[in-house]
Asker: 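Provided herewith is a single structure, encoded as structure tokens, for subsequent inquiry.
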Amino acid sequence: MDSETVRELLLEGAGAGSVLTLSNQDLPGPWVSAGQPVDTLESVPEDCIDGVLAVQGFTTVPVRPRMGQIARVLRIGGWLGLAQSDHTCTFAGLQLGGWTGRERRALDAALLAAFPHQRGAVVEELIWEARGQGLRPTRLHLGFAHRKVGAGDLDDYLREGPAAGIPGPLDRITAAAGVTLADRYAEAWQEATAAGPVTVSTPMVVLAARRVAGDPLAPVAGPARRLPLLAEPIRSPRPEAERAIMDALGRHRRRWDDLVAGTRSESRRERLGSA
């Protein structure tokens, strides 16, 4: 999903009024006039904002506190639009031939170390935490943000971080696992891009929600957190990653009434356990 598509999805149906934009990166052109940029909501009074746009606003902060602040400042009926990439599940068609299992695990740990707040299914965490804060989901889109990395822009890709305050892959690997592993990682990328551009894909969620008044429903417990599989950011072939996204989309479609109502259907394991 490109930035213009994401912007259209988030702003479609959004009301006018006072709008705040949270972001952890420089926003592309279409977002320049989307709202008043803010770094934090702590100093904003309660119930005074009509809309909040959170574009990559959860990359470097825990979901629960920030979602609570968003719910606090929104008026009843106010809207939230968020777009968030899950950088812990970024994958590319990069072959790491000759690497040992230990080296792969060290590489994965180094790449994940910069995202201490994204350690599970960030898509589900965002959705259910919003619902638990009284923000009723109205729209949900799951997809991928794609980037082609060629030999000419390889150095920029390896050095640039995905958000402000997060170093690029080479610096993260160097800091966590040493120069030798970082050099081998760079060489693997050089070999791959020598044959042509490599597509890097990152799962992404776009969610719209409204703050509801006097919600009598019990708070929704968040999903169980699950560690991503080792080597997932590097070794996941495209079909497996796409299947995971489609499975997640299917689960959310089946539970859409639950999301809106703030309840959860009994899981298959719970049904079997009570039989």
Side-chain angles (χ1 to χ4, degrees), residues 1 6-23 31 34-59 61-84 86 117-118 120-143 204-225 248-267 270:
M1 292 186 283
V6 171
R7 183 176 186 271
E8 290 177 1
L9 289 173
L10 291 186
L11 296 182
E12 183 178 335
S18 57
V19 179
L20 299 180
T21 300
L22 290 166
S23 179
W31 291 98
Q36 176 65 39
V38 293
D39 295 325
T40 179
L41 296 172
E42 293 179 355
S43 61
V44 180
E46 296 182 8
D47 306 319
C48 68
I49 301 299
D50 296 300
V52 173
L53 290 168
V55 183
Q56 306 296 356
F58 293 85
T59 304
V61 298
V63 170
R64 177 163 294 182
R66 171 149 287 187
M67 196 68 76
Q69 287 294 323
I70 290 173
R72 183 185 65 81
V73 303
L74 283 177
R75 295 188 175 101
I76 300 302
W79 54 272
L80 163 67
L82 72 82
Q84 181 64 48
D86 188 352
H117 305 303
Q118 292 190 22
V122 70
V123 170
E124 287 198 5
E125 183 178 4
L126 286 167
I127 294 168
W128 287 105
E129 190 57 44
R131 189 60 190 82
Q133 296 285 354
L135 300 170
R136 182 167 294 177
T138 58
R139 298 191 65 176
L140 171 67
H141 301 267
L142 298 176
M204 186 176 199
V205 58
V206 176
L207 173 69
R210 292 270 179 182
R211 187 183 172 203
V212 294
D215 192 351
L217 302 170
V220 178
R225 299 182 69 81
L249 181 57
R251 289 195 300 272
H252 290 307
R253 281 175 175 167
R254 291 191 297 271
R255 300 192 300 193
W256 186 252
D257 289 342
D258 294 341
L259 283 171
V260 173
T263 59
R264 274 193 168 174
S265 298
E266 192 178 40
S267 69
E270 289 170 339

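Heavy-atom basis, side chains included; hydrogens, waters and symmetry copies ignored. Numbering starts at 1 and runs along the sequence shown. Since we're looking at a predicted model, the values are computed, not measured.
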Asker: Roughly how far, to the nearest 0.5 Å, is CZ of R211 from CG of D47?
Answerer: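 Result: 4.5 Å between the selected atoms.
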
Asker: Looking only at non-hydrogen atoms, find the nearest pair between C48 and S18 and report the distance.
Answerer: O-OG, 3.5 Å

Asker: Could you pull out the closest heavy-atom pair between L207 and L10, with the gap in Å?
Answerer: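 Between these two residues, the closest heavy atoms are O-CD2, 3.9 Å.
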
Asker: Please enumerate all residues that pass side-chain hydrogen bond (donor to acceptor under 3.5 Å, both in side chains) together with Q133, with sequence neighbours excluded.
Answerer: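 Partners of Q133 by the side-chain hydrogen bond (donor to acceptor under 3.5 Å, both in side chains) criterion, ordered by chain and then number, come out as E129.
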
Asker: Determine, step by step, whether L82 and M67 satisfy the side chain to side chain contact (heavy atoms under 4.5 Å, CB included) criterion, reporting the C-alpha distance in whole Å, the side-chain angles of both residues, the deciding distance to 0.1 Å, and the verdict.
Answerer: CA-CA 11 Å; L82 72 82; M67 196 68 76; 4.1 Å; yes

Asker: List for me each residue that meets side-chain contact (heavy atoms from CB on, under 4.5 Å) alongside V73, sequence neighbours excluded, and say none if there are none.
Answerer: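 Expected list: L41, V44, I49, V52.
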
Asker: Provide the closest heavy-atom pair for T138 versus A209 in the form atom of the first, atom of the second, distance.
Answerer: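 Heavy atoms of T138 and A209 come nearest at OG1-N, 3.8 Å.
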
Asker: Please name all residues satisfying side-chain contact (heavy atoms from CB on, under 4.5 Å) with P62, sequence neighbours left out, ordered by chain then number.
Answerer: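 Listed in chain order: P65, H117.
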
Asker: For residues 66-83, which residue pairs qualify under salt bridge (charged side-chain N to carboxylate O under 4.0 Å, His left out), counting only residues two or more places apart or in two chains?
Answerer: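 As it turns out, the salt bridge (charged side-chain N to carboxylate O under 4.0 Å, His left out) pairs with a partner in residues 66-83, which skip direct neighbours, are D50-R75.
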
Asker: For D39, give me all partners under salt bridge (charged side-chain N to carboxylate O under 4.0 Å, His left out), at least two apart in sequence or on another chain.
Answerer: none

Asker: Hey, is the main chain of V212 close enough, under 3.5 Å, to the side chain of R136 for a donor-acceptor pair?
Answerer: no

Asker: Mind checking whether V55 and V6 have side chains closer than 4.5 Å, heavy atoms only?
Answerer: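 V55 does not reach V6 side chain to side chain.
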
Asker: Please report the shortest heavy-atom distance between Q84 and G57, naming the atom on each side.
Answerer: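 Taking every non-hydrogen atom into account, OE1-N, 3.4 Å.
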
Asker: Where the side chain of T21 meets the backbone of L53, is there a donor-acceptor pair that is under 3.5 Å apart?
Answerer: no

Asker: Taking all heavy atoms of A54 and all of L80, pick out the closest pair and write down the distance.
Answerer: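 For A54 versus L80, the nearest heavy atoms are CB-CD1, 4.5 Å.
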
Asker: Search all heavy atoms of W79 against all heavy atoms of V19 and return the closest pair with its distance.
Answerer: CZ2-CG2, 3.8 Å

